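Computed from a predicted model, the values in this text were never measured in an experiment.
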Amino acid sequence: MNAKVHSELRAIVGDRGIVDSPTRIVPYESDGLAILRQRPELVLLPRTTEETAACMQVLHREGVPIVPRGAGTGLAGGATPVEGGVVIGLARMREVLELNVEDRFARVQAGLVNASLTRACEKHDLFYAPDPSSQRACTLGGNIAANSGGPHCFKYGNTTQHVLGLVIVTHDGEVLELTESDVEPLGYDLVGLFVGSEGTFGIATEIKLRLVRRPPVVETLLAIFTDLDSACETATKMIARRLEPSAIEILDKLTIQAVEDSVFAAGYPREAGAVLLTEVEGLEEEVSATSEDIRAIFSECGAIEVRTARDDAERLSLWAGRKGAFGAMGRVAPDLYVADACVPRTKLGAMVQQTVEIAKELNLRLATVFHAGDGNLHPNICYDRRDQDEVRRVLEAGRRILESCVDAGGSLSGEHGVGLEKLEQMEYQFAAEDLATMCLVRDVWDPDRRLNPGKLIPLRACMETRAAFIGKTPQDIAR
Amino acid sequence: MTTGSLTDQLATIAGESALSTWTEPSSARELPLLTPPDEESCVRALQLATENQLALIPIGLGGKTSQTRAAKRADFALSMRGVAGVEAYEPGDGTVTVRAGTTMSELQAVVNAGGHRLTPDVPLPDRSTIGGVIAAGQSGFDRLRFGPIRNHVLGLRVLLGDGTGALTGGRLVKNVTGYDLQRLYAGSRGSLCLIVEASLRLFPLPESELVFTGQTPSLELAMESLRRAGELPLTWDTLSIAGQSGCYRVLAALSGRDAMLSSHRSNVDACIAELDSLQTFEGELARTARDSARDAELTGGWPHLRLLCRPSELSRQSELIFSALRELSESPPRIQVHPRIATLDLWLSEPDATRRSEQLIELFEVAATHSLHIEWLGSQRALAQELAASDTTTPALRLMTKLQSSLDPAGVFARGRFLGGL
Ligand SMILES: Cc1cc2nc3c(=O)[nH]c(=O)nc-3n(C[C@H](O)[C@H](O)[C@H](O)COP(=O)(O)OP(=O)(O)OC[C@H]3O[C@@H](n4cnc5c(N)ncnc54)[C@H](O)[C@@H]3O)c2cc1C
Ligand SMILES: Cc1cc2nc3c(=O)[nH]c(=O)nc-3n(C[C@H](O)[C@H](O)[C@H](O)COP(=O)(O)OP(=O)(O)OC[C@H]3O[C@@H](n4cnc5c(N)ncnc54)[C@H](O)[C@@H]3O)c2cc1C
């Protein structure tokens with residue numbers, strides 16, 4: 001990019017909206033998957049949809065790759081500018097534009113931090129349901145792009161079920177307003193299609209989100225087990241008996257110990273082999289009926305103790321342990337590889353066991369903490385990136401874990417997305433035709449393939465699509 | 001290709017017995033109808049269409065095709081009813097994978113036996129296929145509890161225009177791998193692909209059900225009763241009002257734990273106490289009351305018009321429509337309202353189709369003046385043409401058109417049946 005383009009962009013976003021100094025640009029080299037890094041040419045931090053659109057128009061004219069970024073807490077390398085170009089960060093777009101209590105929705109700028117939305121509406125007894133553990137840092141735009149989940153998404157559904165409308169800036173700087181109807185889309189469901197597109201379809205600048213009423217009664221239960229198997233068996237039985245708590249989370253021994261050694265200490269018993277954290281919400285009578293059924297399963301599966309949070313403070317403390325688990329792991333090893341995969345809930349125990357075996361075989365330390373209710377595993381591998389051999393083993397374990405989940409009828413990601421990390425494995429889960437169809441759709445949103453290039457779909461698959469559809473060889477297209 | 005040689009060709013796919021005729025409601029044009037017995041025959045039909053530049057209309061049982069506009073061009077229809085059956089039901093996981101032609105009743109029977117409940121709860125489930133319901137993006141009587149169907153479609157297997165099969169999503173309750181193309185296909189009304197198989201999330205059958213019904217001559221009282229009920233901290237399955245000037249029937253349906261329902265019954269009674277002919281149904285009777293209320297309105301066919309808005313705007317916006325209608329017609333419309341979802345369905349009482357079309361066109365003008373979002377649900381040809389002409393080209397519509405030409409470059413799926421010529 002030449003100096004003229006540079007100053008054109010500066011004129012749009014102002015001096016505070018541009019990051020180009022070698023030191024200030026470092027944080028934009030990667031997201032939470034710090035193994036993979038690449039320096040962008042420039043970072044732009046627009047304040048409005050109009051500024052974002054103006055920047056995108058210039059970058060379109062210049063043919064520059066664009067990487068959208070929220071808070072950079074992603075764990076799949078989604079916001080890492082692998083092919084250089086410009087990072088467009090939404091961090092300065094943090095306004096709540098409208099809070100409609102009667103109709104229970106909010107309109108926000110995409111850079112608003114997830115937890116800020118719930119804070120903004122809690123005095124009206126409303127909350128925003130998707131609650132990723134990173135909710136105090138991650139942005140709602142990032143959540144949209146990743147279709148993020150969280151413990152309570154077991155009951156309330158992932159982000160996609162909460163998005164009522166979007167304003168999107170497309171690859172060429174056009175503003176696409178998808179906010180006409182909350183009830184049914186007009187034509188195709190472009191909003192639903194955009195959610196989970198990991199920054200490859202456009203930049204979401206404004207979001208309309210559904211808010212949920214606070215339940216009158218919430219009971220949080222912590223069941224303590226001597227081993228991880230029994231905790232998994234409990235979760236599987238809860239699903240099979242069709243019980244409907246709002247969250248079912250499991251933490252294994254190593255995670256418990258890390259949490260208890262950290263500022264997130266929640267009073268989990270250190271000697272436990274695993275704990276299962278569950279929450280039941282609703283009216284008094286349904287909470288007590290469901291919680292009684294759950295306690296029966298706890299005792300069937302050999303829980304050695306069951307604790308009940310007696311007040312909000314205890315409840316928050318039990319959750320602080322779960323939500324701080326990834327952070328707490330920093331005490332165990334300098335680096336943490338957070339895997340994310342899903343399996344059918346009938347296969348939870350067997351798959352967790354398999355991850356343990358893979359880690360053992362490769363001589364790695366595994367700490368497991370996961371959304372058991374949704375079958376969403378997070379086997380976390382503790383390592384030190386300075387040890388090259390360990391890094392190799394970590395990557396191998398990651399690959400083998402993902403592939404065994406797919407073999408068991410599962411998928412590569414439950415909430416973190418494909419990003420850069422799982423690009424190659426997409427061909428393990430999907431057939432060439434499936435990927436080719438995804439490429440066709442991507443090319444409609446971004447015909448020049450400049451939006452978050454190198455993510456989500458392996459280029460090989462895309463080249464084959466083009467070849468199939470326009471009768472050229474992949475080599476022709478590569479040229 | 002002449003009609004004769006087309007039917008000959010279609011007959012080679014699955015024999016004469018798979019061929020019949022079907023009339024497209026919005027054009028009254030009669031088309032050959034192929035009902036392939038399996039997916040392989042569907043692929044062959046699509047290849048035949050691609051090779052001969054034919055356009056086809058995919059259908060289930062055709063129940064909702066009166067809501068689509070007339071195709072610009074259509075050579076034959078293809079019903080998925082022959083490709084039916086449950087592929088996999090995992091009671092322990094709460095998911096089901098089913099072929100598109102399975103009727104909602106057939107599917108419901110299978111999952112109910114395993115303790116699960118199927119959403120959406122659509123009218124006339126024995127005359128609706130799951131493929132048709134997903135392709136129509138149809139919501140059910142239980143939308144207040146479960147939301148729209150697109151939230152619960154976990155994955156789809158589709159055939160593109162040239163017969164290529166493509167999978168999106170999976171059979172998992174949580175999954176973000178790859179684009180959510182199932183969101184694009186659900187509600188695409190047969191204009192992008194042929195849905196052959198769907199994986200769905202299921203919900204537990206409730207321990208108990210309660211249905212409260214009542215009547216009143218006053219629409220305001222009906223609305224106010226349900227507003228009060230909606231404010232209770234209960235998760236409602238349905239809150240609905242149906243009827244015509246002089247008599248509105250109110251229905252409120254709840255399901256869940258036994259203890260909760262018994263303890264809150266009196267709170268609901270208090271909210272609706274001013275209605276007449278109050279009745280409360282439990283268990284099997286509750287289900288029957290709900291099902292018959294769900295299907296009752298359809299005896300006169302699909303509603304002509306639907307207003308969609310925000311709950312807080314519903315009364316004001318409905319009144320704008322009602323007062324415009326009072327100018328146009330002596331007799332009031334029949335209506336169905338879901339106040340918390342904020343939809344109003346209208347059946348105009350004008351028996352003459354031409355005059356009805358004129359009234360509808362007037363109502364669209366009123367809607368445009370007041371920025372109301374209304375959808376046309378009937379099959380009046382004049383209105384369809386009028387609407388097609390008035391579709392404005394927005395950036396969103398341009399993108400949708402590009403998606404369509406990219407996924408179906410040969411135009412195998414008949415165009416012009418959906419919004420903006422799609
Ligand atoms: C400690 C920790 C705990 C976590 N727990 C969870 C969890 O429980 N559940 C969960 O789902 N995830 C979790 N994550 C992952 C991460 O927080 C989520 O993926 C989150 O949604 C990312 O938001 P972000 O604002 O940081 O986005 P980024 O990391 O900046 O970006 C994520 C992706 O979205 C794109 N993007 C960002 N903003 C936009 C926009 N406005 N328009 C278009 N594309 C955009 C980026 O290009 C990138 O592909 C966790 C991460 C950490 C570090
Ligand atoms: C007389 C009558 C009145 C009705 N009124 C109402 C009503 O008011 N409200 C209501 O909610 N329900 C109503 N229904 C129920 C409704 O017809 C069906 O639930 C629903 O339309 C699905 O039916 P179907 O399987 O026949 O799909 P169809 O009506 O055949 O198809 C629906 C749409 O999906 C497309 N399609 C169908 N199958 C596929 C496929 N496999 N792949 C791709 N595209 C496909 C079609 O092209 C069409 O656009 C009514 C039914 C009847 C018979």
What part of B/L399 gets closer than 4.5 Å to chain A, counting heavy atoms only: side chain, backbone, both or neither?
both
Tell me whether [X] is salt-bridged to [Y], with the criterion being a basic N under 4.0 Å from an acidic carboxylate O.
{"X": "A/E184", "Y": "B/R150", "value": "yes"}
{"X": "A/E174", "Y": "B/R398", "value": "yes"}
{"X": "A/D293", "Y": "B/R257", "value": "yes"}

Assess whether side chain to side chain donor-acceptor pair (under 3.5 Å) is satisfied between B/Y179 and A/T437, documenting all intermediate values.
CA-CA 10 Å; B/Y179 297 128; A/T437 312; over 6 Å; no
Heavy-atom distance under 4.5 Å to chain B: side chain of [X], backbone, both or neither?
{"X": "A/L283", "result": "side chain"}
{"X": "A/L412", "result": "both"}
{"X": "A/V175", "result": "backbone"}
{"X": "A/E102", "result": "both"}
{"X": "A/T170", "result": "neither"}
{"X": "A/V343", "result": "backbone"}
{"X": "A/M426", "result": "side chain"}
{"X": "A/A289", "result": "both"}
{"X": "A/N100", "result": "side chain"}
{"X": "A/L186", "result": "both"}
{"X": "A/Y188", "result": "both"}

In terms of heavy-atom pairs under 4.5 Å, which option from B/D180, B/D258, B/T394, B/N151 contacts chain A the most?
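The answer is B/N151.
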From the list B/V158, B/L308, B/T343, the residue making the most non-hydrogen contacts under 4.5 Å with chain A is B/L308
Taking the side chain from A/D434 and the backbone from B/L167, do they hold a donor-acceptor pair closer than 3.5 Å?
yes
Search all heavy atoms of A/V444 against all heavy atoms of B/S406 and return the closest pair with its distance.
CG2-CB, 3.6 Å
Which heavy atom in B/T177 sits nearest to a heavy atom in A/S413, and how many Å separate them?
OG1-N, 3.0 Å
Which residues in residues 143-158 of chain A have a heavy atom less than 4.5 Å from any heavy atom of chain B?
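Within residues 143-158 of chain A, the residues under 4.5 Å from chain B are A/A146, A/N147, A/G149, A/G150, A/F154, A/N158.
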Looking only at the side chains, is there a donor atom on one of B/D93 and A/T346 sitting less than 3.5 Å from an acceptor on the other?
no
Could you walk me through whether A/E433 and B/T164 pass side chain to side chain donor-acceptor pair (under 3.5 Å), step by step?
CA-CA 7 Å; A/E433 294 78 19; B/T164 308; over 6 Å; no
side-chain hydrogen bond (donor to acceptor under 3.5 Å, both in side chains) partners for A/H378, two or more places apart:
A/E415
